[in-house]
Amino acid sequence: MHIDQIIKEKIVEAVDSLYDQKIEADSVQLQNTRKDVEGDVTVVVFPFLRFSKKSPEQTAEQLGEYLKEQVDLIDDFSVIKGFLNLLISKNYWLSVLEDAANRPTFGFKAADENSPLVMVEYSSPNTNKPLHLGHIRNNLLGFSIGEIIKANGNKLVKTNIVNDRGIHICKSMYAWKQWGEGKTPENTGIKGDHLVGDFYVLFDKHYKQEISELQEKGLSKEEAEQQAPSIVAAREMLLKWEAKDPEVIELWEMMNQWVYDGFDVTYKELGVDFDKIYYESDTYLVGKEEVLRGLKEGIFYQREDQSVWADLTADGLDEKILLRSDGTSVYMTQDIGTAKLRFNDYTIDKMVYVVGNEQNYHFQVLSVLLDKLGFDWGKGLHHFSYGMVELPHGKMKSREGTVVDADDLMAEMIEVARKTSEELGKLEGYTEAELAETYKTIALGALKYFMLKVDPKKNMLFNPEESIDFNGNTGPFIQYTYARIRSVIRKAESNGIQLNKQLTQSISLSEKEQELIKSISLFPAVIKEAGDAYSPAVIANYIYSLVKEFNQFYHDHSILGEEDEAVRNFRLVLSQTIANVVESGMKLLGINVPERM
RNA sequence: GCCUCGGUAGCUCAGUUGGAUAGAGCAACUGCCUUCUAAGCAGUAGGUCAUGGGUUCGAAUCCCGUCCGGGGUACCA
């Protein structure tokens with residue numbers, strides 16, 4: 001049992017015995033003892049004053065005496081201003097370390113066949129342009145939260161819904177047909193998603209041009225926007241697509257494939273993947289059927305113009321359109337259809353949607369609609385809502401060229417990692433392949449940690465002028481600490497020193513060493529908290545503080561230079577265990593750690 | 001207008017189930033490599049926790065008002 005739990009239960013006992021009052025164990029407030037005060041765990045005694053009818057000091061004193069008497073693990077206590085500081089025995093901490101060191105999956109809860117199945121949807125790109133920084137945040141959060149969900153003892157299915165149809169796709173298609181001159185990824189050497197994105201931008205350029213020409217001829221802005229030849233052609237293409245015109249379908253399939261091939265490269269580089277991919281072109285008609293079923297069952301209603309609506313005013317929401325008057329589907333319709341297909345494919349216990357916070361309202365509505373349509377998990381779906389990535393000048397806008405491209409950013413960061421590594425020159429003897437692998441590990445570690453260390457709910461700022469740092473509270477700092485530990489362990493091994501995971505009880509521990517064990521012992525609770533709060537940032541901040549402490553220890557203590565064999569062994573086991581926690585913690589963020597850097 | 005999220009050091013962010021003197025990193029300045037990796041460690045400086053009230057033994061944290069900013073409120077996705 002964890003020490004906190006033991007103390008809480010003993011406090012309940014003490015309050016009962018001393019003040020004849022029953023309290024709940026969870027109501028006992030514990031906190032880590034302040035650094036400048038001797039002790040490990042602090043009990044806040046103020047809440048007990050109304051039972052004890054004594055001063056805070058006297059109450060704390062009485063409780064302290066009781067605990068010291070009754071609990072072997074408590075060596076001593078002190079009372080400062082109504083805070084009861086407990087000193088935990090050294091042997092307890094040694095046993096905690098021993099336990100962590102001997103468990104390969106320390107902190108993780110394993111799933112079995114009865115565990116809940118959680119489906120996480122993330123990424124969800126459009127196929128008309130390449131991925132940018134906003135998608136990176138989505139992908140990293142989605143992948144990481146999946147890992148965290150798994151670590152908390154759930155089965156996981158990662159899924160992606162690709163928005164592969166609609167007017168925006170037709171814009172790229174029309175532009176390619178009109179001005180593409182037969183360009184392909186093969187004959188230009190341009191990555192497929194970028195090539196298609198270029199045509200999307202090209203479309204917009206021509207479209208804007210046409211609008212201003214029409215306006216000069218005396219049309220209003222609205223008229224010009226409706227009548228510009230390009231948009232008329234794109235709309236026509238969409239109609240042909242829906243009518244399954246062979247020529248249009250062929251073009252659509254070809255250009256979408258270019259994009260998928262491009263995305264695959266980006267996903268692979270980012271290190272994210274999916275168990276099952278859905279395509280909107282397969283789901284939107286299913287959604288329409290579901291809406292019509294809902295209409296028939298009286299869940300929805302139809303207006304005179306034939307459009308279908310859901311009245312959610314009883315649920316505190318608005319009325320929501322589900323099918324347009326021409327019978328075509330809207331965004332919501334597609335999400336209903338996708339949900340239906342997923343429900344058929346898997347026995348989902350919980351659905352998590354990783355989608356930006358601009359869609360909070362949409363998911364509130366979706367949850368109610370799915371519930372009304374009879375999906376068990378509809379009511380309990382979780383919208384993992386995250387904030388936008390902002391640039392110094394504001395939001396990213398694809399058409400205005402103010403986006404930070406995912407592929408470019410990764411390539412730049414790998415280049416910075418290469419330069420930095422070469423300057424430091426610690427990778428002698430590595431092959432070209434090993435070097436490339438290490439540069440990538442560091443670069444992606446920096447990028448991922450940068451994105452994941454901030455609270456997902458909040459908007460975050462990315463300044464491309466100041467490239468992502470490699471020093472301080474960063475991924476490479478953590479990776480560096482891991483590499484340092486590995487270096488020591490390798491040296492120990494080559495000197496014939498064996499790690500013994502049975503620790504000698506008689507050794508004395510420095511303050512820093514004890515603090516490190518305390519930090520290690522928090523890992524399981526941190527994983528749980530990250531899962532409950534849907535926050536990879538909780539993991540990131542924990543690893544950072546652990547690693548920060550380790551570096552202080554490393555600076556002040558010699559590991560291999562220690563004469564006392566039992567102490568040296570302890571320090572090796574401590575270091576190795578921290579390396580393991582760092583490695584598995586970083587894995588929860590989707591970040592790899594290098595053996596050397 | 002209504003709904004919703006946010007405002008903590010020059011900058012980027014922790015800390016928010018109410019607890020002791022509000023923490024990191026970056027940027028600035030100062031030390032520490034003949035000893036296990038200096039992508040490190042130690043130090044100096046930097047705060048009316050947007051603001052005004054309230055609740056409490058105790059408020060960055062909870063409640064109310066105000067100011068500022070983001071998002072939503074589409075037969076767009």
Side-chain angles (χ1 to χ4, degrees), chain A residues 26-27 29 31 33-34 36-37 42 44-47 49-50 56 80-83 85 124 126 163 165-168 280 303 305-309 316-318 320-332 334-335 356-362 364 385 387-388 390 392 394-395 417 420-421 423-424 426 442 445-446 450 453-455 457-463 466 469-481 483-492 495 537-538 540-541 544-545 547-548 550-562 568 571-572 575 596-597:
Chain A
D26 283 341
S27 72
Q29 291 181 53
Q31 52 188 280
T33 303
R34 293 170 54 96
D36 52 352
V37 174
T42 293
V44 182
V45 302
F46 293 100
L49 300 186
R50 58 199 185 96
I80 302 172
K81 291 199 280 186
F83 292 90
N85 308 302
S124 314
N126 291 341
N163 185 351
R165 61 170 282 276
I167 188 73
H168 49 294
E280 208 185 277
R303 291 190 180 169
D305 64 2
Q306 301 301 305
S307 58
V308 178
W309 293 74
L317 302 167
D318 295 331
K320 197 77 195 171
I321 187 158
L322 299 175
L323 286 176
R324 296 191 187 98
S325 49
D326 62 4
T328 58
S329 56
V330 296
Y331 182 33
M332 191 63 74
Q334 291 147 18
D335 265 351
N357 62 11
E358 57 204 349
Q359 289 181 33
N360 286 352
Y361 185 70
H362 173 83
Q364 236 179 306
S385 159
M388 300 290 103
E390 284 164 0
K395 250 185 113 170
T420 309
S421 295
E423 277 167 23
L424 293 169
K426 295 178 188 173
I442 296 168
F450 178 84
K453 76 174 174 184
V454 326
D455 183 344
K457 290 198 293 288
K458 293 188 179 175
N459 287 357
M460 66 180 292
L461 189 96
F462 176 81
N463 189 347
E466 307 163 11
D469 231 295
F470 284 36
N471 301 315
N473 186 358
T474 66
F477 168 74
I478 293 165
Q479 293 172 319
Y480 171 75
T481 308
R484 256 182 160 180
I485 295 175
R486 292 300 303 148
S487 169
V488 174
I489 305 277
R490 273 196 307 275
K491 188 156 185 184
N495 290 351
V538 169
N541 290 321
Y544 174 68
S545 65
V547 156
K548 183 90 187 147
F550 177 81
N551 278 321
Q552 292 162 355
F553 158 79
Y554 183 90
H555 188 260
D556 301 335
H557 299 69
S558 181
I559 299 170
L560 297 176
E562 172 59 40
R568 187 183 65 200
R571 288 183 185 163
L572 277 169
S575 303
R596 290 169 59 187
M597 68 182 277

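Note on naming: letters A, B, ... go to the chains in the order of the sequence lines (proteins, then strands), and numbering restarts at 1 for each one.
Between A:Y361 atom OH and B:A77 atom C1' the separation is 16 Å, expressed in whole Å. B:A74 atom P lies 14 Å from atom NE2 of A:H362, rounded to whole Å. In this entry the distance linking CG of A:D469 with C1' of B:A27 reads 10 Å, nearest Å. Counting to the nearest Å, the C1' atom of B:A77 and the CD1 atom of A:I167 are 12 Å from each other. Atom NE2 of A:H168 and atom P of B:A77 are 9 Å apart (whole Å). Atom CD in A:E390 sits about 7 Å away from atom C1' in B:G70, given to the nearest Å. In this entry the distance linking NZ of A:K320 with C1' of B:C76 reads 11 Å, nearest Å. Rounded to an integer number of Å, the gap from CG of A:N126 to P of B:C76 is 16 Å.
Spacing of C1' atoms, B:U8 relative to B:A50, comes out at 10 Å, to the nearest Å. Taking atom P in both B:A22 and B:A60, the straight-line distance is 9 Å, to the nearest Å. Nucleotides B:U48 and B:G6 have their P atoms positioned 23 Å apart, rounded to a whole Å. Separating the C1' atom of B:A20 from that of B:G65 is a span of 31 Å, rounded to the nearest Å. One P atom belongs to B:G18, the other to B:C63, and the distance between them is 11 Å to the nearest Å. When the P atom is used for both B:C67 and B:G25, the distance is 38 Å, rounded to whole Å. With both ends at atom C1', the span from B:C11 to B:G52 equals 28 Å, rounded to whole Å. Look at the P atom in both B:A9 and B:C49: the space between them is 10 Å, to the nearest Å.
Listed by chain and number, the residues in a side chain to side chain contact (heavy atoms under 4.5 Å, CB included) with A:S487 are A:R490 (sequence neighbours excluded). Applying the side chain to side chain contact (heavy atoms under 4.5 Å, CB included) rule to A:K458 yields the partners A:D455; only residues at least two apart in sequence or on another chain are considered. Remark: A:F83 engages A:F46 in a ring-ring contact (aromatic ring centres under 6.0 Å, His included) (not counting sequence neighbours). With sequence neighbours excluded, the residues satisfying side chain to side chain contact (heavy atoms under 4.5 Å, CB included) with A:S421 are A:L427, A:Y439, A:I442. Residues passing the ring-ring contact (aromatic ring centres under 6.0 Å, His included) test with A:H168, sequence neighbours excluded: none. Contacts of A:R34 classified as salt bridge (Lys or Arg N to Asp or Glu O under 4.0 Å), with partners at least two apart in sequence or in another chain: A:D36. Under the side chain to side chain contact (heavy atoms under 4.5 Å, CB included) criterion, A:H555 pairs with no residue at all, not counting sequence neighbours. In this view, A:Y480 satisfies the ring-ring contact (aromatic ring centres under 6.0 Å, His included) rule with no residue, not counting sequence neighbours. Here A:F470 pairs with nothing under the ring-ring contact (aromatic ring centres under 6.0 Å, His included) rule; sequence neighbours left out.
Within the model, atoms NZ of A:K453 and CG of A:N473 stand 4.0 Å from one another, a figure rounded to the nearest 0.5 Å.
A side-chain N or O of A:N551 and one of A:T481 form a donor-acceptor pair less than 3.5 Å apart. A side-chain donor from one of A:T328 and A:R324 sits under 3.5 Å from a side-chain acceptor of the other.
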(Q) How would you summarise protein contacts on nucleotides 29-40 of chain B per nucleotide, using B for base, S for sugar-phosphate only and - for none, with heavy-atom distances below 4.0 Å? (A) -------BBSBB
Q.
Counting primed atoms plus P, OP1 and OP2 as sugar-phosphate and everything else as base, spell out the protein contacts along nucleotides 10-22 of chain B at 4.0 Å heavy-atom distance: B, S or - for each nucleotide, 5' to 3'.
A. --SSS-B--BBB-
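Between A:R165 and B:A77 there is no side-chain N or O to OP1 or OP2 distance below 4.0 Å.
For RNA chain B, if you chain together Watson-Crick or G-U pairs that step i with j, i+1 with j-1 and so on, the runs of at least three with distances under 3.5 Å are B:1-7 with B:67-73, B:10-13 with B:23-26, B:28-32 with B:40-44, B:50-54 with B:62-66.
Comparing A:N357 and A:K457 by the nucleotide of RNA chain B that holds the closest heavy atom to each, the one mapping nearer the 5' end is A:K457.
B:C57 has its base anti relative to the sugar, with a glycosidic angle deviating from 0 by more than 90°.
Side-chain contact check for A:I80 versus A:T42: every heavy-atom pair is 4.5 Å or farther apart.
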